[in-house]
Number of protein chains: 2
Amino acid sequence: MTVADASLTELRVFREVAERGTLTAAATALGYTQSAVSRQIASLERHCGAELVERRHDGVRLTAAGQLVLRRVVTVLEQVDAVSRELAGLPDEHATVRLGWITSAGVGLVPQALAALRDNHPSITVMTREGTTPALVRALRAGTVDLALLASAPPYRAPDEETPALDVQVLTERSLRVAVPASHPLARKDFIELADLHGQPWIAGSGTAMGVWPGLDERPVIAHSVRDWLAKLHLVAAGCGLTTVGDSLSDAVPPGVRVLPVRGGSHEHRRILLAKLPRPLSEPAGRVADALRSRRSDNRGLTRQPLVVMLVP
Amino acid sequence: MTVADASLTELRVFREVAERGTLTAAATALGYTQSAVSRQIASLERHCGAELVERRHDGVRLTAAGQLVLRRVVTVLEQVDAVSRELAGLPDEHATVRLGWITSAGVGLVPQALAALRDNHPSITVMTREGTTPALVRALRAGTVDLALLASAPPYRAPDEETPALDVQVLTERSLRVAVPASHPLARKDFIELADLHGQPWIAGSGTAMGVWPGLDERPVIAHSVRDWLAKLHLVAAGCGLTTVGDSLSDAVPPGVRVLPVRGGSHEHRRILLAKLPRPLSEPAGRVADALRSRRSDNRGLTRQPLVVMLVP
DNA sequence: ATCTGGTATGCGTATATCTCATGACCGTCG
DNA sequence: CGACGGTCATGAGATATACGCATACCAGAT
């Protein structure tokens, strides 16, 4: 009864659980039943002789032992994937970089960087996926992305408390603004007073309070919940409500929408971070990181297709 | 049906097979039956979609795909062992060096080097095991030893033809001699004429022709087959036959044995090589290699116990 | 021709692993 | 406060897996 008796399945399941944060999500991602995943984790824990995840009511979190095991499991599965590719004759997936990004990086940052890469380093393939900050942090830890663009808000804590700490770097720091319908009375001025936001209907991200101005002291009226930025902005244009946006979107909003700063209350800033595991990047991944740091200031990326878009549901 | 569906058991069995060179030997080493090993290999091959071993009538040999897979499997199992140790709280087995050696290195080279190490680097633990040159070469490839002392005879070819080639270094080069009973007529002179060896009874290593002077043009009379050097030399002392020894043993033979050079025929030399995989050694392993290269010239190693007794039957 | 290494395979059984269904727990919302 | 929606755990039963045993087979040495 040692970890040497564990099975590769257990390891894959464990990585997926570490990445998804809940057994159920891992199960659907793997095409298993939740119960199967529960048993696999229990079995792996028995093999390891230690609790690997802390069961919580909103999912699971890795214990110290779990983090320890995950680090090894990641490289094990990397090796397995590598031999898989080698046997298939695909020569070295090393030129492929996996990048994860939060939705708000999908407008300026990612397309511009990818466009620059395509021009300067056409041999590099970038596979990208969208996700939330915690999901991407877990994906970094689980080794399924090499780089991740994360969101950070004051007080700018580290993305997670695990060890080793992630390498992070501030890519952009923008002030938060509010998108209002051009026809809205508030759109007549060049800024909005905090007090004017009282009682306004908000368009939030689905499930979260994101999209609502964070300084309000009232219970906000959530008129709509929508993930997609374009849909969100069109709802604003249609006068259905207000929403918050980073000022990088100011140029990219459809007609009928104005993006204005808010006066009064605390200054609300948002950072986009480039994060990676604290180990050296592959050379192509380094190029991608460079491209993200110093992307071109023109906006060709807005109009041309990204290199590759791969979504992992 | 991809290599990702393989099991850790398959990988362990595969490594053992790669190391032992036959399914049967791997089976007994693992405590399985030969049939189980056969199926495991077949299953792994199905998962890999390629032949991994070439079935021969004297065992199996790795195919190109097999060598490819082995390289990955080695690091996979290393990771698994590592997490196993970490979970047990044993902090980093990195200070342990695994050394394999051929029997003829067990008299001067290994004990002297270990004695020197114990004095100069007492924190380094060395686990050693004895084996034949081909077995140790496979063990190097399979990652179960870090360093190996190998035998080499003219024309001094590389230990194997696989890629990447092993790093080898000549540690000693000695002329081959013959051990004769002190009471034997041949022991009266200080050398032996090749012609005098005709018709002599030989004491060979078990199963091999080792121990018989290689320049003979007749079919030798093998009087005894024995692996152990001490037993062999005592058989010589008892007048049961002759055997070949490296001249490094000249000082270590029991009373009643004389070690003499052979005149006539080709000069027979034997090298002992220090071999390793062509990747950087850990720091302690480097120390062990150093100790083997520049061991003390006194013979304390002959009288004191080696650091660690060997494992692995 | 026989014997002695080696590997492959049919068959029966023990074990492991999945699904389904159900239960317990907790935080949220009406 | 009680229902609901989310989570994980677990018992029962079907199924797939992996083992050992016995045997077949094959090539080389005696």
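Convention: sequence-line order gives letters A, B, ...; per-chain numbering from 1.
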Check the distance between C:dC26's P and A:Arg56's CZ and give it to me in whole angstrom. 13 Å

Spacing of A:Glu10 atom CD relative to C:dA16 atom C1', expressed in whole Å: 11 Å

Take A:Leu273 and A:Leu166 through the side-chain contact (heavy atoms from CB on, under 4.5 Å) test and state the conclusion after the steps. CA-CA 11 Å; A:Leu273 308 175; A:Leu166 297 176; over 6 Å; no

Rounded to the Å, how far apart are A:Glu45 CD and D:dT10 P? 11 Å

C:dG10 base to B:Arg39 side chain: any donor-acceptor pair below 3.5 Å? yes

Compare side-chain N and O positions of B:Gln34 against OP1 and OP2 of D:dG20 and report whether any pair is under 4.0 Å apart. no

Separation of C:dT7 atom P from B:Arg20 atom CZ, nearest Å, is 14 Å

With the side chain defined as heavy atoms from C-beta on, B:Val60 is closest, among D:dG20, C:dT7, C:dT19, to C:dT7

Do B:Thr33 side-chain and D:dC21 base share a donor-acceptor contact under 3.5 Å? no

Sole residue of A:Leu242, A:Val262, A:Thr243 in side-chain contact (heavy atoms from CB on, under 4.5 Å) with A:Trp213: A:Val262

Chi angles and distances behind the side chain to side chain donor-acceptor pair (under 3.5 Å) call for A:Gln79, B:Thr75: CA-CA 8 Å; A:Gln79 294 294 317; B:Thr75 88; 3.1 Å; yes

Rounding to an integer number of Å, can you tell me how far B:Leu52 CG sits from C:dA8 P? 12 Å

Is there a side-chain polar atom (N or O) of B:Ser38 under 4.0 Å from OP1 or OP2 of C:dA8? yes

Heavy atoms only, 4.0 Å cut-off, all strands: where does A:Gly21 land among base, sugar-phosphate and nothing? nothing

Between C:dC18 atom C1' and A:Ile41 atom CD1, what is the distance in whole Å? 15 Å

So, is A:Arg55 near the phosphate of D:dA9, with a side-chain N or O under 4.0 Å from OP1 or OP2? yes

Would you check if A:Cys48 and A:Val3 make a side-chain contact, meaning some heavy-atom pair closer than 4.5 Å? yes

Which residue lies more 5' along DNA chain D, comparing A:His57 with A:Ala36 via nearest heavy atoms: A:His57

Of A:Ser35 and B:Leu23, whose closest DNA chain C nucleotide lies nearer the 5' terminus? B:Leu23

By the 4.0 Å heavy-atom rule, please label B:Thr22 as base, sugar-phosphate, or nothing. sugar-phosphate

Value in whole Å for how far the C1' atom of C:dT7 lies from CZ of B:Arg61: 17 Å

Can you list the steps and then say if B:Thr103 with B:Glu130 is a side chain to side chain donor-acceptor pair (under 3.5 Å)? CA-CA 6 Å; B:Thr103 312; B:Glu130 190 198 345; 2.3 Å; yes

On the nucleotide C:dT7, are OP1 or OP2 found under 4.0 Å from the side-chain N or O atoms that B:Thr24 carries? yes

Atom CD of A:Gln40 to atom C1' of D:dC8: distance rounded to whole Å? 15 Å

